[in-house]
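Written out below as structure tokens is the structure these notes cover.
Counting starts at 1 for both ligands and their atoms, in listed order. Residue numbers start at 1 and run along the sequence shown.
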Amino acid sequence: MSEVDRYAVIGHPIAHSRSPVIHRLFAEQTGQLISYGAMDVRPEELDTAVTRFFGEGGKGLNVTVPHKGEVARLVDALDERAAQAGAVNTIYVRTDGTLGGDNTDGHGLVTDLQQNLGIEIQDRRILIFGAGGATRGIVPVLVDSGPAELVIANRTLEKARLLELQFASSGNVAAVRFEDLTEPFDLVLNATSAGLKGEEAPFPSDVVDSHSVCYDLAYAMQPTPFQVWARRHGAAAAHSGWGMLIEQAAESFRVWRGVRPDTGPIRAALAPDV
Ligand code: NAP
């Protein structure tokens with residue numbers, strides 16, 4: 001068996017993933033001896049790939065599109081934030097040898113918003129475009145941060161309605177259609193995959209004014225289509241999801257290794273100033 005603890009990210013496709021370089025930098029910074037690879041796993045290979053990885057002594061997996069929901073049934077126990085999200089992005093080996101599933105996406109987003117960017121969540125009116133896996137991961141953590149209102153707008157209204165129902169007890173989560181939106185928000189999050197293929201972003205411009213801060217969960221080496229859209233409509237700021245990516249990775253690293261990397265130098269090294 002290898003002496004170096006093995007980790008990897010699984011997804012399909014996976015070639016674009018920045019996780020191996022982020023975790024290599026975390027390991028160098030914290031002096032942890034690990035290896036971290038990228039595995040292209042098709043949906044029909046998911047069960048076999050996960051079982052084999054841990055059967056061969058692997059210590060942890062990150063999970064990305066399209067497996068975050070499916071992989072939840074392959075672990076022995078879900079942490080609360082994974083259970084609430086119905087999605088797992090981090091698998092780890094528990095002390096009794098069984099597998100735990102966690103979700104660090106919401107933690108990554110809120111850390112980037114509050115600590116890195118100084119953006120308030122408490123008592124703010126927040127809009128999320130999209131109701132897919134990423135939204136399921138971030139809504140529980142956003143609700144915990146005490147927004148005045150959390151509106152989820154999705155092309156397929158039913159998916160947003162399920163989240164509204166799940167968080168009904170918080171009393172301030174609402175599902176709407178894009179065309180129902182007529183007023184500006186303090187914080188506008190894009191958690192859709194719309195626009196990534198170069199198509200025009202389908203969002204109503206009324207949600208943005210000169211006080212609105214916009215944040216795209218997507219990230220690229222150049223401004224994303226949502227950042228371009230937000231700036232064109234006069235938003236106060238338009239950030240991309242690089243910081244979230246690095247913060248969710250740091251939280252996975254902490255779950256696995258018990259050590260929290262300092263993300264500042266990693267953000268400075270990797271995230272373009274766009
Ligand atoms: P997903 O589960 O596939 O959900 C996609 C969402 O986009 C759905 O709400 C879908 O609406 C919507 N959508 C897609 N095309 C659209 C269009 N043309 N018009 C309007 N809505 C459209 O994907 P996901 O896992 O949630 O990921 C969403 C984004 O978040 C991706 O860009 C991903 O890279 C990013 N992300 C970033 C991080 C990070 O660390 N920075 C972490 C997680 C995710 P329907 O429900 O109507 O299909």
Counting from 1, what ligand 1 atoms have a heavy atom of P202 closer than 4.0 Å?
-> 19 (N), 20 (C)
Pairing of D47 and R73 as salt bridge, 4.0 angstrom limit = yes
Check for a donor-acceptor pair, side chain of E251 on one end and backbone N or O of H107 on the other, with a separation under 3.5 Å.
-> no
Taking distance alone, with no angle check, do A218 and ligand 1 share an N/O pair under 3.5 Å?
-> no
How about Y36 and Y7: are their ring centres within less than 6.0 Å of each other?
-> no
With atoms numbered from 1 as shown, which atoms in ligand 1 lie under 4.0 angstrom from a non-hydrogen atom of G130?
-> 9 (O)
Should the proximity of Y219 to ligand 1, defined as any heavy atom under 4.0 Å, be assigned to the side chain, the backbone, both, or neither?
-> side chain
With a 4.0 Å cut-off on heavy atoms, is K68 touching ligand 1?
-> yes
Atom 42 (C) of ligand 1: of H16, E247, R136, M244, the nearest heavy atom sits on M244
Considering non-hydrogen atoms only, spot the tightest contact between V255 and R81 and give its length.
-> CG2-NH2, 4.1 Å
Ligand 1 to G132, heavy atom cutoff 4.0 Å, flagged ligand atoms 2 (O), 4 (O), 9 (O), 26 (O)
Please determine if F178 has a nitrogen or oxygen closer than 3.5 Å to a nitrogen or oxygen of ligand 1.
-> no
Which atom names give the shortest non-hydrogen contact between P261 and T30, and what distance separates them?
-> CA-CG2, 4.1 Å
Taking N or O atoms only and a 3.5 Å limit, does Q248 qualify as a polar contact for ligand 1?
-> no
Mind checking whether A191 contacts ligand 1 via backbone (N, CA, C, O), side chain (CB onward), both or neither, at a 4.0 Å heavy-atom cut-off?
-> backbone
Minimum non-hydrogen distance to atom 24 (P) of ligand 1, winning option of A134, P66, A220 | A134
For ligand 1, which atoms have a heavy atom of G133 less than 4.0 angstrom away?
-> 2 (O), 26 (O)
Is the W256 ring parallel, tilted or perpendicular to the H23 ring (thresholds 30°, 60°)?
-> tilted
Do NZ/NE/NH1/NH2 and the carboxylate oxygens of D105 and R136 come within less than 4.0 Å?
-> no
Side chain or backbone of T156 under 4.0 Å from ligand 1, or both, or neither, by non-hydrogen atoms?
-> both
So the atoms of ligand 1 within less than 4.0 Å of a heavy atom of K159 turn out to be 45 (P), 46 (O), 48 (O)
Under 6.0 Å between ring centres, would you say that holds for Y215 and F226?
-> no
Under 4.0 Å between heavy atoms, the region of R155 that gets near ligand 1 turns out to be both
When you measure from the side chain of N103 to the backbone N and O of A87, does any donor-acceptor pair fall under 3.5 Å?
-> yes
Looking only at non-hydrogen atoms, find the nearest pair between R125 and D186 and report the distance.
-> N-OD2, 2.8 Å
